[in-house]
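On a predicted model such as this, the values are computed, not experimentally measured, just so you know.
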Amino acid sequence: MKMKIDHEQERVNRVMETISQQINKAEDVTSRHRTEVVNIRKHFWDEVKVNTETFDDYLETIIGLRQEAQALSVSQSNHRHTTKRLAALRRMQENPYFGRIDFIEEGTSTVEQIYIGISTLTDTSGENFLIYDWRAPVSSVYYDYSPGAAKYTTPGGAIHGTLKKKWQYLIRGGIIQSLFDTSLTIGDEILQQVLGKGTDKHMHNIVATIQQEQNHIIRHDHGRMLIVHGAAGSGKTSAAMQRIAFLLYKYRDVITADQIILFSPNSMFNSYVSNVLPELGEENMQQVTFQEYLNHRLRSSFQVENPYDQLEFVLTAVGDPSYQTRLAGIRFKATNRFFEAFTSYRKSLEFSGMVFKGITFRGEKIVTAKQIEEKFYGSDTSLPFHSRLEIIKEWLIKKINEVQKFELTKPWVEEEVELLSNEEYDKAFTYLAKKSGFKGEALYDYELDTNALALLIVRKKLKPLRKRIKALHFVNIKTIYKQFFTDPNQIKLWMNGEAPKEWQGICRMTVKMLEEGKLHYEDATPFLFMKELIQGFQTNSSIKHVLIDEAQDYSPFQFEFLKRLFPRAKMTVLGDFNQAIFAHANEMVDFNTLSGLYGPDETEAINLSRSYRSTKPIVDFTRELVPNGDQISSIERDGEKPILTQKSNHAELHDSIAAKVADLQKRQYSTIAIICKSVAESITAYDSLGDIEDIKLVKNGSTEYQQGVVVIPAYLAKGIEFDAVIIYDASAQIYGDAGLRRLFYTACTRAMHYLQIYSVGKPSPFLQNVSLLEDSRFQLETE
């Protein structure tokens, strides 16, 4: 084996020398391109003769500008390309490659040794590949096959052959640390080394340890929708990030990073995953939360609740008189029944129920809301709904034009002229002179037409009104939405089946919030959906791929909305129903029914059941907490059993947690999370544990994943992992409700290496059931 490693090290040395040579060359080229870009920018206007005296002069100026802009664009593109390549080469200096396959193509007898790394590398001739990019078609053999018959797909068709050997390398700084002959799968040896490390503030790429089922996700390339249902720690988010890198590689001529968008659970998660694509030499895609999009669209009209404030209410306001009504409303408004009732209501507006806003200018009514309603329902009702709205819009614009003529003679116009500042007067003069054909030095030969100036002032005053009319803001969406809830009995007209028994209370609560200018989170998407159904959808056709993480937290409304928002995009949906912690979870979209969005022929579902995040004892414990947990498997990574410690009061609890944190820090755990049920409990814990050095409180709105010791509510920890997790209080009093099982499961599955559970008093029934197992899944600690 030593001779084998020595031989392989000689090859690594040759590759490292080639990388160094190419880095030197790339540095020179990059520097030259950078200088070129700077010079073009610096002297851009020196090369362009600006002359607009005649049409020919103007045309020559435009052509000159275009040529210089094109030269700048080419130089910038060259600079980006060489900079990107230089960055990839520098990353390869640390770890040039991680795998090798020995492959015999069908019809030949030659064994080709194919080395696989994060980027392609050729020799100085540019003809012989020293390293293949992990995304290249032939590299899929490394991830998908054990020795024997194998194939990979190229644009020209499938290539068949025989995989003779498969090797894994662990190279650091150009030195081989480990070398494994892997016969069945990407070997547990390297996987163990990678997973056994501590965490830091960012997720990292997994290209060296991609498993076969993850590779199917990464390279999936047909249909409109890929649904990935995966257990906690199964690598679904990691695989999705590598999937983005694969798409950017395969379709590099037709898709760019800014044409891919990731909907993530919160801003902290965005920070956590921000390092993966740059590690692979790609730019980051757009990242946004659904709440950010809602705020962007609705905050000018409403104060919109965020999903975590909604969840905080559900977790902490059990004693509130309106609690059960609100809970029923959250659940019902996420159902397909409500969605169908809502769309039926919208269709009914074609015949009655539309509400409009009157048009007013300077305190005088131009058109009343009643007149608009009569016009809308008095026109040809056989016309499509949106065509009728267009007719109303054009009719109102004509009314504005009539008002414009009438207003010209009014005293206020003359007063506005007299109140013009010198700057405003000069701007108006220049505009009117150019409009009348005066240019250059002849500009000041123009004699100001007072009627033209008056018209300019009136048009400017009416411009915002015209803009609102063109945007269909004369439709009173807020009242139309409220109307749905005004008469609780009306829902029978639009829905098959019965509304929840709390429906009247739900209606009163919704109307009250609307009147206060507020939207509960469960109303935000339905309101925006109604707005779009009436005014027309604002679509984004430039986005070509949408990824949705934590998809179990999305409602039918949200999926339908995203489909319409991005009509040309493919979609990758990631989630885990065992972590469906929001109040509407029981009424959620089933991943198996999501095929209805694009049809079963355009949809594929992949299930990931193996958990890689946690040690085997932690996985064995957490899978006992949820239904069908026996379907979750772990890798053979040993560790300590989770520990349950009971305390009689909170003073003892805090002393014990402080001592435990100190012990974990001595054991070199760099990320330690004290996970609470809610923000309210997190604040209490943080205030009581303030003596722990550099302890941090994570609340909704935190933008960066923090290292060290953090106190965090369970729902904000979703999608993130920690070296060690301390469950603050898993007592029956805190986690006694069966509806909190998934939240508790989510909290426990954040632990990679160590899980400590505390209970003030009697433990949660979730733990009592597990503790009855003969081979207890956790250690009961008594003090």
Side-chain angles (χ1 to χ4, degrees), residues 308 311-320 323 581 621 625 640-667 669 671-700 702 706 708-717 722-751 754-771 778-783:
Y308 296 115
L311 185 55
E312 193 70 17
F313 174 87
V314 171
L315 293 176
T316 62
V318 178
D320 191 294
Y323 183 81
I581 62 175
F621 163 70
L625 297 173
E640 300 174 58
K641 282 185 178 183
I643 298 173
L644 171 63
T645 305
Q646 291 181 236
K647 295 295 178 181
S648 58
N649 58 60
H650 283 85
E652 290 182 7
L653 171 69
H654 299 141
D655 288 343
S656 186
I657 289 177
K660 180 61 68 175
V661 168
D663 176 59
L664 293 171
Q665 289 173 325
K666 287 179 183 176
R667 296 168 63 177
Y669 288 125
T671 58
I672 302 169
I674 301 166
I675 300 184
C676 303
K677 186 177 84 167
S678 64
V679 165
E681 187 181 64
S682 297
I683 292 171
T684 299
Y686 176 75
D687 290 341
S688 302
L689 297 168
D691 289 340
I692 297 175
E693 186 176 354
D694 291 330
I695 190 170
K696 304 174 187 73
L697 175 64
V698 178
K699 296 190 292 185
N700 182 36
S702 298
Q706 301 281 353
V709 183
V710 298
V711 180
I712 185 171
Y715 53 80
L716 284 182
F722 304 90
D723 292 331
V725 164
I726 296 171
I727 304 298
Y728 177 72
D729 184 2
S731 65
Q733 183 178 356
I734 302 298
Y735 286 101
D737 190 294
L740 297 173
R741 179 177 289 274
R742 288 166 171 164
L743 185 70
F744 185 68
Y745 169 80
T746 299
C748 292
T749 55
R750 301 307 94 200
Y754 188 91
L755 175 59
Q756 165 73 59
I757 302 168
Y758 284 100
S759 170
V760 179
K762 184 179 179 181
S764 164
F766 313 148
L767 293 171
Q768 291 168 359
N769 292 338
V770 176
S771 67
F778 62 82
Q779 177 183 338
L780 181 60
E781 181 181 86
T782 57
E783 296 180 1

Report the distance from atom CG of L689 to atom CG of D655, rounding to the nearest 0.5 Å.
9.5 Å
Just wondering, do V709 and D694 contact through their side chains at under 4.5 Å, heavy atoms?
no
What is the distance from atom CD of E681 to atom OG1 of T316, rounded to the nearest 0.5 Å?
11.0 Å
I674 vs I695 side-chain heavy atoms within contact, under 4.5 Å
yes
Where do A658 and I692 come nearest, in terms of heavy atoms and distance?
CA-CD1, 4.0 Å
Residues S682, L697; criterion side chain to side chain contact (heavy atoms under 4.5 Å, CB included); working and verdict:
CA-CA 7 Å; S682 297; L697 175 64; 3.9 Å; yes
Aromatic ring pairing Y715/Y308, orientation class (parallel under 30°, perpendicular over 60°, tilted between):
parallel
Under the 3.5 angstrom rule, does the side chain of E312 hit a backbone N or O of S678 as a donor-acceptor pair?
no
Closer than 3.5 angstrom, by distance alone: can the side chain of Y758 be matched with the main-chain N or O of A730 as a donor-acceptor pair?
no
Without swapping roles, check the side chain of T671 against the backbone of D723 for a donor-acceptor pair under 3.5 Å.
yes
Relative to the ring of F744, is the ring of F766 parallel (under 30°), tilted (30 to 60°) or perpendicular (over 60°)?
tilted
Can you tell if the side chain of D729 reaches within under 4.5 Å of the side chain of H650, non-hydrogen atoms only?
yes
Measure from the side-chain N and O atoms of R750 to the backbone N and O of T746, and report whether any donor-acceptor pair falls under 3.5 Å.
yes
Identify the heavy atoms of V711 and A685 that sit nearest to each other, and give their distance.
CG1-CB, 4.1 Å
Is it the case that over 12 heavy atoms from other parts of the model lie below 6.0 angstrom from the NZ atom of K762?
no
Find the distance between CG (L743) and CG (L311) and round it off to the nearest 0.5 Å.
7.0 Å
Given side chains that start at C-beta, do those of P763 and L644 come closer than 4.5 Å, heavy atoms only?
yes
What I'd like to find out is whether the side chain of S764 reaches to under 4.5 Å of the side chain of I734, using heavy atoms alone.
no
Which value, rounded to the nearest 0.5 Å, describes the distance between H654 atom NE2 and K647 atom NZ?
12.0 Å
Note, K660 side chain near Y754 side chain (heavy atom, < 4.5 Å)
yes
Only counting residues at least two apart or in another chain, list the ones meeting side-chain contact (heavy atoms from CB on, under 4.5 Å) with D691.
none
State the NZ-CD1 distance between K696 and I712, to the nearest 0.5 angstrom.
12.0 Å
Would you say that L315 contacts V679 through its side chain, given a criterion of any heavy-atom pair below 4.5 Å between the two side chains?
no
Measuring from atom CZ of F621 to atom OG1 of T749, what distance do you get when rounded to the nearest 0.5 angstrom?
10.5 Å
Show the numbers, then the answer: is there a side chain to side chain contact (heavy atoms under 4.5 Å, CB included) between L625 and C748?
CA-CA 10 Å; L625 297 173; C748 292; 4.3 Å; yes
